[in-house]
Amino acid sequence: MNKNKFYVTTPIYYATAKPHLGSLYSTLLADVSARWNRLQGKKVFFLTGTDEHGQKIAQAAQKAGLEPKLFVDSFIEPYRRIWKQYHLDYTYFIRTTDPEHIKAVQTWLLDLQKKGEIYKSNYEGWYCTPCETFLTDKDFKAEGSQAPICPSCGRSTSFVSEESYFFKLSKYQDRLLEFFKKNPNFVVPKERLNEVVNFVESGLKDLCISRTTVQWGIKFPDDEQHVAYVWADALLNYVTAIGYLNDTKKTDFELWWPADLQVMGKDILRFHAIYWPAFLMASDLPMPKQLLVHGWIKINQQKMSKSFGNVVDPELLYNAYGADAVRYYLVSQMAITQDAEFSLEALERHISTDLANDLGNLLNRMVTLSIKNGLLETPIISNWSADSENLKLESLAMIKEYSDYMDKCHYHMALSTLWKFISKVNGYFHAQEPWKIKDKEKFTEVISATTHSLKTIGILLWPVMPTKTMELLDSIGIEEIIGGNRIEKLLDEGWNSKFVLKQFPPLFQKIDPQVSAESVLGQIKKEPEITVPETKNIDITDFAKVELVVGTIEECETVQKSDKLLKLQVNFGDKGKRQILSGVRKSFAPEDLIGRQAIFVYNLAPRSMMGLESHGMMLSAVNAEGKLEIIKPEHPVINGTQLK
Ligand code: MSP
């Protein structure tokens, strides 16, 4: 196994909106782990992307009046743009609508079928569309005929009854429990594994992995009525992105799989800790090494989520505070073990104290003082004072403690350790009072000890703040930090560097809480996530003005030079026949419509289109696939019947 590689993944985000701060947070944790491993000289593959199939997407697209593919396409640029603003340096962005992914999922489904891992049966039960989850018996108490509430999102579910393929999940119950027992560190934080073990111990039922009542998804190759259940499709992204079942990418796949770290929120742990490992077992693939499961960012005690309408736009924060400050705030203030309230006031306070004061000021004061005293380059120091030696020892101990936390993905603890050290360096600098030192050698030694400390801080902090730390390092003459194992080097090389000092503008500005938080908060509050068009009520007399009449389309032909229009001859029974033009040519051929009944607005004023008269309008609606459906009576009625 290649120990010098690191493969990290994020969940793939539902492409129903631009990313919010919660989506950013998962991706940020993955980026921090990717950078931490790069810093140690590892070759890194960092995967992120979007989840683009299924009922949730189809419904959202329908609501937006767009075809699902056009709908999901519209969010890709915002994802890429915001990930770039925040320096989320992914290697590959997968979309589940990518042809390569679709092909691999279909091959996988066929393989499972051949191996007898899936079978066809009927599914009846409750489904939560926002979570794309089939509720299990354990998820709710049966209370009469009422639809149960989804335990994950708290919303109402709907009853589903359809033919489905089932994956033999129950068969993996013992193997999963065995795996959890042998790998107690599979889930970080450890405690979350207990929830998973309890769930599996209480019995696993086979998992429904196809839908026939949803069309927007990956079709089963030999049974096109069925589309893959969106979670089966989505989970596979972690392997299809690196070449699984793609003959031309076999070596890539062998290099990268298994994943070293898979990041996700606690809401989707069950999918990743039970279904995903079982899929892998059924496919004879090794397990991912570790799942990093974080809590939620909350607003007023409620999970930040598009559907709750309480999302914070990362772009607003980026424009107001810059990427690194927001990165620092999220990583340092959110313990991965817990949920945390998002607070602009806290963000600003930490920028002012931790970043501008503790870190930025230290660098600025040291460089300014040194340059003022004509010391532009510090030499190698051979005799350190006891205080400096002490600081050096503190620094070495801190590097070890910090690394240990970073390796365990306890990033907030790592930062707290680092900030204790920053405070010690500040303490050292103050206590030495270099602005009073007349002895040049002594002065140089204090500046050098402070600079060595800042170098360590800059390198260690790079995974969290990749641009500000490079500015910091640049101002002490370090331009490059990637190459070899930088952490080992920090531990081994001791304090024997020379530094070239350069004055730069302050790393961070203090923020006046009165001025800033309020203006940014104002924008956040003012920007509603979804704008629902206002509905204007009409009264019954207005409605009575519209004559909706049933007719049969007897003839239908295309209209020359129009790629939209079809010309219909419609029989309205006693009311006679009429020519009606309809803009449905992209969805229907003339022969699709001939002989069908439909509903028409009968008293619409005649209109002329492409030189032809139209005496009415056919009613249609966009379905979940983005295609048009002609509206017709459920059973045939006499032509000319008016709707009431
Ligand atoms: N599409 C599925 C994941 C499929 S992975 C094979 C999905 N998408 S999601 O867009 O709803 O959420 C993805 C992830 O975003 C969550 O697991 C979590 O990591 C992150 N977050 C979404 N809202 C969040 C918060 N309010 N706080 C922290 N993270 C949040 O589930």
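Remember, it's a predicted structure, so these values are computed and weren't measured experimentally. Sequential numbering from 1 along the given sequence is applied to the chain's residues. Counting starts at 1 for both ligands and their atoms, following the listed order.
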Examine Asn237 against ligand 1 and note whether any of their N/O atoms are separated by less than 3.5 Å. no
Non-hydrogen side-chain atoms of Val331 and Leu415 separated by less than 4.5 Å: yes
Taking N or O atoms only and a 3.5 Å limit, does Pro11 qualify as a polar contact for ligand 1? no
How are the rings of Trp257 and Phe253 set relative to one another: parallel (under 30°), tilted (30 to 60°) or perpendicular (over 60°)? parallel
Measure the distance from atom 3 (C) of ligand 1 to every protein heavy atom, then report the residue, atom name and distance (to 0.1 Å) of the closest one. Ile12 O, 3.2 Å
Flag side-chain contact, heavy atom, 4.5 Å: Thr10 against Met264: no
Residue and atom name of the nearest protein heavy atom (relative to atom 18 (C) of ligand 1), distance in Å to one decimal: Ser26 OG, 3.4 Å
Counting only heavy atoms, which portion of Glu132 has something under 4.0 Å from ligand 1: side chain, backbone, both, or neither? neither
Among non-hydrogen protein atoms, atom 24 (C) of ligand 1 lies closest to Gly22 CA, 3.6 Å
Atoms of ligand 1, numbered as shown, that sit under 4.0 Å from any heavy atom of Asp267: 16 (C), 17 (O)
Taking only heavy atoms of Gly295, which atoms of ligand 1 are found under 4.0 Å from at least one of them? 28 (C)
Does the cation-pi check pass for Arg80 over Phe93, that is, NZ or CZ under 6.0 Å from the six-membered ring centre and within 45° of its axis? yes
With the side chain counted from C-beta on, respond yes when Met334 and Tyr411 share a heavy-atom pair under 4.5 Å apart, and no when they do not. no
Cation over ring, Arg211 on Tyr127, under 6.0 Å and within 45°? yes
Basic-acidic side-chain contact under 4.0 Å: Lys171, Asp206: no
Kindly confirm or rule out a cation-pi arrangement of Lys5 over Trp256, judged by NZ or CZ under 6.0 Å from the six-membered ring centre and within 45° of its axis? no
How about Arg192 and Lys266: do any of their side-chain heavy atoms sit closer than 4.5 Å? yes
Pro466 and Asp324, any side-chain heavy atoms less than 4.5 Å apart: yes
Nearest non-hydrogen protein atom, atom 22 (C) of ligand 1: His20 CE1, 3.9 Å
Those atoms of ligand 1 less than 4.0 Å from some heavy atom in Ala234: 6 (C)
In the protein, what heavy atom is nearest to atom 13 (C) of ligand 1, and what distance, to one decimal place, separates them? Tyr13 CD2, 3.6 Å
For His272, is at least one N or O under 3.5 Å away from an N or O on ligand 1? no
Given Phe167, Tyr229, Trp126, the one that forms ring-ring contact (aromatic ring centres under 6.0 Å, His included) with Phe134: Tyr229
Among non-hydrogen protein atoms, atom 8 (N) of ligand 1 lies closest to Tyr14 CD1, 3.3 Å
Please state which part of Val263 comes within less than 4.0 Å of ligand 1, counting heavy atoms only: side chain, backbone, both or neither. neither
Please list, in number order, the atoms of ligand 1 under 4.0 Å from a heavy atom of Asp51. 1 (N), 2 (C), 4 (C)
Report the member of Phe271, Tyr275, Trp276, Tyr238 with the shortest heavy-atom distance to atom 5 (S) of ligand 1. Tyr238
Is there any N or O on Leu235 that sits under 3.5 Å from an N or O of ligand 1? no
I want to check a possible cation-pi pair here: Lys468 against Phe508, using under 6.0 Å from ring centre and within 45° of the ring axis as the test. yes
Is the closest heavy atom of Cys131 to ligand 1 under 4.0 Å? no
Among Met304, Lys266, Met334, Lys298, which residue places a heavy atom closest to atom 26 (N) of ligand 1? Met304
Examine distances only and state if a side-chain atom of Asn319 and a backbone atom of Leu316 form a donor-acceptor pair shorter than 3.5 Å. no
Min N/O separation Gly265 to ligand 1 under 3.5 Å: yes
Considering distance alone, does some N or O of Ile297 sit under 3.5 Å from an N or O of ligand 1? yes
